[in-house]
Each structure stands twice: as structure tokens, then as C-alpha cells.
Amino acid sequence: MDQSSSYYKHDLLLVGAGHSNVQVLRKFGMSPQPNVRVTVVAREAHSPYSGMLPGFVYGMYSWEDIHIDLAKLCTFANARLIVDEVVQISPSDNSVRLRERPNLRYDCLVINTGGEPGIKFRGLSNVTAVKPIGRFTTEWDVIVAQGESGVHSKLVVVGGGPGSVEVALAVRERFGSVFDITIVSADPELMIQHNRRVRKTAVATLTRNAIKFLVDFRVSSVTDKEVGAEHGATIPCDHVLWVTGVEAPAWIRDSGFDVDAGGFLKVDKNLRSTSHSNVFAGGDMVCLVGQERPKSGVFAVREGPILARNARAFLKGKSLRSYNAQRQALAILRLPGNDALASKGPWCMRSKIISRWKHRIDVKFMRRFKKLPVRSFPALSSFVPKRSDVDAMRCGGCASKLGARLLDRVLSRLKANDAHSAINGLNDDAAIIDLGSNTIATSCDHFKPMITDPFRFGRVAAAHALNDLYAMGSVPKIALALVTVPLMAEPLMEDDFYQVLAGAVSVFSTDDVILVGGHSAEGSEASLGFAVTGTPTDLPWFRSSMLQGQDLILTKPLGTGILLAGLMYMKTRATDLVKCVESMELSNKLATSIFRKFDASAVTDISGFGLVGHSVELVKQSSVGIELFANSVNVLPGTRDVLNQGITSTLHDANVQALEVFEISSDLTEQSLAPLVDPQTSGGLLAAVPSAVSNECLGALVDAGYQHAAVVGRTVDENSSRILNGNG
């Protein structure tokens, strides 16, 4: 058995991507550890930095400024990124239960999810909790819209700490008198943990900015009109910002860990769980036994390097390092006018210089995660060990297929189509075979991973495999899997095998397809494919059936190849990657029935050869030409941003050759044509529909969930075909 550095033996699982765990990822990227596979599970694909939140509320920082892109960071760290939410941990069998997918295993677990304030009231429509910040930055848009509308409303800020004061002042500075702002605190004084001068300055600044505050006000009820206290007092409100201290997630206690009275995970001086030796944790959701401290991002930032070091040491069987929490942390309170108040213990100082100094510190911290060198061996798949330099930057998915010209030359040398039992053959999306007693439709597909989540990869591969039958108007019934898993420790191989097939089955089950078996093998590189078989309809869709007087409708946007190539170079934004994966997972089953209803005569799925390449296949086999409308084709978010950085798929150059078939409008550039030749993985269906009903068909597609469906061309009664900028 090969025990080289590419042989994974241990699973290091990071739950959460808070201030500590993003540093763990960066540390493993800077210094990879042989034999350790790193995976991070995060609720959002971007990790926000709390130190810049007041500036974000004020409008000083953009959303991009305060977020770390986890797709780019995980690519740098050669780590798997799984966007999902943890609902429970099972330390007894070293597994993590997720909300929307199968459990994940671990050998070493590092938790950094943070806590959450106002859990009791979080579901109310007029309550916005500042933490988790990932949710807050989305919900904050509602308050921004209210502030920019100029309509006066009442805003209640719950919490008496520095966060509440900063947020209230930032709202006032940004929106002026639009909001009637009141801070309510359960403590007898505002900012009770800070020295007298800090408290005095905070009160004076709030008063000067017409912000009211109530102390000894412990919130017990919230309605859409008022906030009530335990002692019976109420104040009117239109919206509530919850900025009080965090609460421990219920799943920490429910998972069986040692916790304190508040439900926070107990960790020792090594940041290791006091009840489970292979679990480490940091941030707001821990209790530092023997050195208890307030919940603050300052401690989470300092815990990151220790967590990275101790996770490595644990997996190597070496001694752990102690974390010594500072007794008094420097606190900086942002004030209006780019002013700031710094304090530590009894010391206090107010100056604009402090504000500028903090800005530089925050920007420097974020730059460590934004300015990352491109790794020689990026994480191109969920379970692929490092590969050779020659293969390192080759695309996966359909972008890894052979070019159309090469395929055409090979097919021309074959005589497989001559079999009398084939009603159609290799020139269509799937083969329809007459077996005498009945007729079947069959096809297969197979490719390398293109994303780092094996479950989502399984879903994409299954949806892609079904497309060939849907493009023939057939009904898929059964599937056989062909799986290659690289050599790893057996528990890791089993987990990957399970994850990828679980993803596939989740799609097959929804589309009423049964996975009946298959073949698995160990190999140097991961891959997944399916042979799918179904029943054809009485009127199958052949590529040769395209007619005059038809519009061409495409069900999905283009750009998967470009975005996935950009991911390898850390140029694709995580939010854009999420949209890309969601598009690839979307089944074309409903589109098939809609196209049947509106009398489509020819359909093909857009995959490795791109829109142009597959359009050429329609033209070659039909007696009509086509016009494609370049500006009518929808592309996935971020596609053009990646293109503008000079990145295309590895199959791009081969696909460009198909443009020779078309007359191309002189006002079209290479950049505008690039999405049209981009190889698609699990792309949309392209259907020829009578022009008289194409708009009605398009509306039905949009209503069925194909939000980016568009009329992208039309058939023409000519031998030549064209690509136009507009639709003529």
C-alpha cells in the first residue's frame, strides 16, 4: 500500500468559519500537513469579520470589504468546502449531522461557530440579530431601505454593551433623524464592564446624538408594535436590532459535550473539550475553564493559531500548546466623525488617530485572507489527493471532455451506428434501441469532480446524466454508477463513496429513477459517471427534426466552465460558486414536459461543447440554419468578472473551432462570444419551439423554476447560420 504524502489517513473537520477557523485554514494552506484531509462546514460561503461591522453599518465598508471568501480560502488550503448548517454532533461515532445532507465523519474536530443572541425572538419578522453576522448582513438591507426611504420609524437596539452603542451611533450618523433610536439594557448601567470614563463618554455621545437609553430593562416580549420588559414597561418599535450578549447554540449541549451553566462548550488550556479529547473549539461558543473571559472577537482571533497548531499536534500524536487568554483586552469604541475611544482596564484615550489605526489593523487582517497566492495544487475536487504539475490546473466536469473535432474523427471511423437495432445512434444525445419486444433509450456520462463537496458533486453528476434522456424526450427509469475513488484510509474512502452516491440518489429519487447498482474501483484520480436507461416516447426528439419558423429556447444560464476554471485560480466568488452549483443541480425534468406541451420538435442538452458546439450539431443534422442572439443569452453571476481576468476553461480553445460554421456579427468581441463556447456541466436544454408559442412556453418555464430561461435564437430558411448581437 502506498503511504506517500498524497495518501489521506485523517479527516480534520472544521465546523464553522469564524475568526479562529479561517486562521486554521490559512495555516494549513501555508503549510499543508501530509496525510490530513481538511474539510470546513459553514452556514454561508463567506465569513464576516465582526471588527469591521460598525463601519459596515455606517457605510464605510462594503459587504465585500468585511467578508472572507471561503471558496478562495479553501482552494488555497486544499480543503473541501461544504455549505450547510450543523444540527448536532455525535462524539460517540465521530460524526457531524448536517441539516441538508448526510453526516460527515472526523478524526479531529475544531468548532468555531460562534454564539447567537436573541434566539427566543429570532424568528420574528421585525427582529434582526447582529449575530450571526452572516445573516445580519443580509437582513440589514431591510433597515437600509427603511433609512433611505426617509419615512420616520422607531428602532429599538437591545443590549447595553459597546456593540449596541456603536451600532446605534452608526445608524444615527448614516441616516440622520429618520430613526427614533432607543437602546434598552438589562444591566443597571450602559457598558457596565468598562471603566467610568468610558461609560461617561458613551452616555454623553448618545445624548448628544438624540439616542435614548433605558437600563434595568430586561426584554420579555416583542411584537410588531412594541418591546416589553419583565417589570411591565413597554416602548413602541417598528424594528428591533438585537445586539445583546450571545447565547450558546442548543446543539452544543444536545451533542453531549461538557458545557457550563449557559450551555457553552468547556475547553481546557489547550482549547480542547474537557469531555472529548479529539474535539477543539474557540470563539464565542466556548467557556475557557480557569480563564473565563467576556465573549469577544479579540479572543477568537488570538485562539486561531493555537487551534491550528494543536489540531496538527493531535493528529501527529505530539504535545499540545497552551492558550493563555489576556486578562484585559484592548477595546475600541467607534464614535461619530471617524473618532474612536480606546480603553484597557482603567486606561482610556479618545482620538481620531485611534480610529485610523484600527482601520489599518482591520484591513491588514482581512488582506491576509484576500491576497492569497495561487497554489500549485488547488483543491479541484472533494476527494482528490495532489496531482502532477501537468494535470494540476486541468478542469473537471464536462470541461475535461475531449474536443468535438477529435470526437467527430473517432466516430467517423466507427460503424456502430450501422446496427439494425438502433433507431438512432451516436449522433444524438441518447441512443434509442429497438429490442424487438420493446424499445429503450440509453446513455452514459462520466467525468472528474469540479467542486469540493462530494455530495453536491454527486447531485450534479446525476442531474447531468439524466439530461441526455430528457433531451430525447425519454423517461429515465434506472441508473448504474461508475465510481473511481483514490486510495485513502478505508474509512475515508467509504465516506466519500457514500457521500457522492447519496448526492446522486437524492436527485434520482426526485426524478423517479432507481440506482440499481454499478461498478466501483480504486484509481489515481476520482471520477463519477452513470449509465442511464429509460423508455422513449412515441415521438422522440431527434436533432434532425429542427424545422423552419421556430425559436430556440435555453432553460439555464451559461458560464459553469468559466466559473469552475476561475475557482481553480481563486478568482470565482463563493456566492457566485453557490449559484453555479445550484444551476447545475437543477433537473431538466419539468422542462421536458413543458417543451412537449408546446410542440418542440428538436431538443439537445448543452454540455461539453457549449451552446455553439451543440447548435452546430443541430444544424448539421437538420435542413435549416439558425441565428443565435448573443445578447439574449443569460450567464451565471460572476461569469464576466472571471472572463475579464483572462480565465477560460481548458476546453474553451477546442470549442472555439465550432464558430467557423457561423457568420459572426462584426460588433461581437471574443469576450462576448466566450460564454457561448463555454463547456457546460449539467447545462440547460436547448429546444426548437414554434415561434407562435415561444413566449408562452418561456413563461411556463420561468413559472416552473427556470428563472434564467431565454429565447436565444431562431431557425432560418438558409444554408448558412449566424451569430448576431441582437435578435434582428
Within 45° cone of Tyr323 ring axis and under 6.0 Å: Arg272 NZ or CZ
no

Any salt bridge between Asp238 and Lys154, counting N to O under 4.0 Å?
no

So do the side chains of Val240 and Phe121 get within less than 4.5 Å of each other, counting heavy atoms only?
no

Basic-acidic side-chain contact under 4.0 Å: Glu166, Arg334:
no

So Phe257 and His276, would you call those rings parallel, tilted or perpendicular, with 30° and 60° as cut-offs?
perpendicular

Would His67 and Tyr61 count as having a side-chain donor-acceptor pair, cut-off 3.5 Å?
no

Pairing of Asp641 and Arg573 as salt bridge, 4.0 angstrom limit:
no

Quiz question: by atom type and distance under 3.5 Å, do the side chains of His239 and Thr128 form a donor-acceptor pair?
yes

Got a donor-acceptor contact below 3.5 angstrom from the Ser47 side chain to the Ala17 backbone?
yes

For side-chain contact (heavy atoms from CB on, under 4.5 Å), just list the numbers for Leu333 and Thr205, CA-CA rounded to whole Å, side-chain angles, deciding distance to a tenth of an Å, and then say yes or no.
CA-CA 11 Å; Leu333 183 71; Thr205 306; over 6 Å; no

So, the side chain of Ser185 versus the backbone of Gly159: is there a donor-acceptor pair under 3.5 Å, distance only?
no

Using the salt bridge (charged side-chain N to carboxylate O under 4.0 Å, His left out) rule, pick out the option among Arg199, Lys200, Arg196 that qualifies with Glu189.
Arg199

